[in-house]
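To find a chain, count down the sequence lines: A is the first, B the second, and so on, and within it residues start at 1.
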Number of protein chains: 2
Amino acid sequence: MKERLSAQERRRRIVEAAVELFSRKGFRGTRTREIAEAADISEAMIYRHFATKRELYSAIIEAKSATEELLASAATVAQRKDDAGVLRAVGLKMIEQTEADPSLMRLLLFSALEGHELSDIFFESRVKRLHEFLSNYIRKGIKEKRFRSMDPLIAARGFIGMIVHYLLIHELFGVKRPPRSSPEEVVEQFASIFLKGIER
Amino acid sequence: MKERLSAQERRRRIVEAAVELFSRKGFRGTRTREIAEAADISEAMIYRHFATKRELYSAIIEAKSATEELLASAATVAQRKDDAGVLRAVGLKMIEQTEADPSLMRLLLFSALEGHELSDIFFESRVKRLHEFLSNYIRKGIKEKRFRSMDPLIAARGFIGMIVHYLLIHELFGVKRPPRSSPEEVVEQFASIFLKGIER
DNA sequence: TGCTAACAAGTAAGCACTTACATACTTACT
DNA sequence: AGTAAGTATGTAAGTGCTTACTTGTTAGCA
C-alpha cells in the first residue's frame, strides 16, 4: 500500500496534478485515469475527495479565482501617481505571472470555450476586476485633466488587450520572441504608445 | 433511403456541419455521431469522405486558412495613406467578420489549446500575416517621419491586441456591451489612442 | 448492369465512476 | 502500557455506457 497522507494533503496533491492536466488538455481532454497516475494514486482516491470529475474542475476554478496578487500589487503602485509606472507595473506583472505559470491563462480560455458553468466567475475575478482597476485609474486621470476625455473602460481594455494579446501569441501560439524584445521592452513600448495616446 | 447527392456536395455539407460543432465544442468535445446528425446522414458517410475525425478537422483548418478577405480589403485601404482610416478599417473588418461568424476565432483558439498539428499554419495564415501587414504599414510611416521611431511589429501587435481582446471579451466571455459603445465607437477610440500614441 | 451513394447494425476500445476489500493510524478501555 | 475496536486511507478489479470507426447490404443513377 502507498504512503498514507492526511485527507487535506492528498486533496491538495490531486488538485495540483489536475491543474496541470486540465490546463494543458482541457476538461474533456483530461482522463481521470491520467490525473490519478499524475498524483500517483488510484482513480478511486479521486472519487473519495471529489464526487465527480466536474466537481474537481470546479474546485480548481474556485481556488484560482480567489487569489488577488496582481490587483494588490497594482493598487500599491497606483498610489505613486506615476502614470507610466502604473502601466508598466500592471503589464509586467501580468506577463511575469503568466510566464511563470501559464496554467491560469489556459484554464481561463479552456473553461470559456468548453462552456464551464463557473467560467463567468473565473473571468470576473481575473479579468473584469483588472479592467475596473485600470478604468478607475484612467477616470481619475481624466478628471485631473492629465488625460483627454474618453471612455475610461474602453481605454483600459485597450491597454490590457495589448498585454493579453502578447501573452496569447507567445504562450498559446508559441511565437518565439527575438532576443531584443524582452518583456520589459515590449511593455515599455506599449505603455509609451498608450500613455502618449491618452494624454492631453 | 435519403436523398442522393454528389460526393462534392455531400462533403461540403459534412464540413459545414462539422465547422459549427468543432467551433462550439472543440475537437475532443464533438462526437462524430453529432456531426452525422447535424448533416442529416449516417456516421458511415463521414468515413466515406474522411478517413478519420482528425482528417475532417484538418480539412476544415486548411480551408479556413485559405481565405484572404481581410488582408485584401486592408491592402486596398492602405493605399489611401490615411492612417486613422487604415486602423479603423482593419479594426472594424476584424470585428465585423468575427461577429458575423465567430467560428473562426473559436476554432483558432481551440486548435491551439488542444494542440492540433495544423494550429501553427492556422495561426500564421490568420494572425501572423495581419501583424505583418500592419507592421509594414507602420514601418513605412516611421520611415516617412509621420510616426516616431519604434519597433513596428510590436506596435502592430499592440493595436491588433486591442481589437482581439475586445472580441475575446464579447464573443468568448459573453460581456454585454453598453448601448453607447458600438463597434464603430470602440474602434474609433482604439485607433485614436493608438495613432496619437505612435505619431511624432 | 455496373458503379457509387447511402444506411443499419455492429465492434473493440475508452471512459467516468463503483464496489469489495485491505491496511495503517487513532482512540479508549482494562 | 497493551491491545482490541473503530475509522480513515488506500487499492484492484470491475461495470455499464459512450465513441470512433467498420462491415454487409440496399438502392438510385448513368
Is any side-chain N or O of [X] under 3.5 Å from a base N or O of [N], one able to act as donor and the other as acceptor?
X: B/Glu43; N: C/dC7; answer: no
X: B/Arg4; N: C/dT4; answer: yes
X: A/Arg10; N: D/dG10; answer: no
X: B/Arg33; N: D/dA20; answer: no

_Backbone of B/Leu113 reached by a side-chain donor or acceptor of A/Arg106 within 3.5 Å_ =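 A pair under 3.5 Å: yes.
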_B/Lys53 side chain to B/Phe27 backbone, donor-acceptor under 3.5 Å_ =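 Side chain of B/Lys53 to backbone of B/Phe27: a pair is present.
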Whole-Å distance separating the [atom1] atom of [X] from the [atom2] atom of [N]:
X: B/Arg12; N: C/dA5; atom1: CZ; atom2: C1'; result: 17 Å
X: A/Met45; N: C/dT18; atom1: CE; atom2: P; result: 15 Å
X: B/Asp40; N: C/dA8; atom1: CG; atom2: P; result: 11 Å
X: A/Arg11; N: D/dT9; atom1: CZ; atom2: P; result: 12 Å
X: A/Arg28; N: D/dT18; atom1: CZ; atom2: P; result: 15 Å
X: B/Glu9; N: D/dG28; atom1: CD; atom2: C1'; result: 17 Å
X: B/Phe50; N: D/dT22; atom1: CZ; atom2: P; result: 15 Å
X: B/Glu37; N: D/dT18; atom1: CD; atom2: C1'; result: 13 Å

*Measure the shortest side-chain to side-chain distance between A/Ile193 and B/Met150 over non-hydrogen atoms and say whether it is less than 4.5 angstrom.*
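Heavy-atom side-chain distance check passes, below 4.5 Å.
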*Check whether any side-chain heavy atom of B/Ile46 lies under 4.5 Å from a side-chain heavy atom of B/Leu56, and answer yes or no.*
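Yes, their side chains come closer than 4.5 Å.
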*Within the structure shown, what part of the strands sits under 4.0 Å from B/Leu5 by heavy-atom distance: base, sugar-phosphate, or nothing?*
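Answer is sugar-phosphate: B/Leu5 comes under 4.0 Å of backbone atoms only.
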*Would you classify B/Thr52 as touching base, sugar-phosphate or nothing, given that sugar-phosphate means primed atoms plus P, OP1 and OP2, and contacts are heavy atoms under 4.0 Å?*
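Contact class for B/Thr52: sugar-phosphate only.
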Of the listed nucleotides ([options]), which one gets closest to any side-chain atom of [X]?
X: A/His49; options: D/dG10, D/dA20, C/dT18; answer: D/dG10
X: A/Lys53; options: C/dC17, C/dA6, D/dC21; answer: C/dC17
X: B/Ile41; options: D/dT11, C/dC7, C/dA16; answer: C/dC7

*How far does CZ of A/Arg10 sit from CZ of A/Arg4, to the nearest 0.5 angstrom?*
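If we round to the nearest 0.5 Å, A/Arg10:CZ and A/Arg4:CZ are 10.5 Å apart.
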*Counting only side-chain N and O atoms of B/Ser42, is one of them less than 4.0 Å from OP1 or OP2 of C/dA8?*
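For C/dA8, OP1/OP2 do not have a side-chain N/O of B/Ser42 under 4.0 Å.
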*Please figure out whether A/Ala44 or A/Arg31 has its closest DNA chain C nucleotide nearer the 5' end.*
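In this pair, the answer is A/Arg31.
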*asked:* Can you work out whether A/Ala7 or B/Ala51 has the more 5'-proximal nearest nucleotide on DNA chain D?
replied: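 Whichever sits nearer the 5' end wins; that is A/Ala7.
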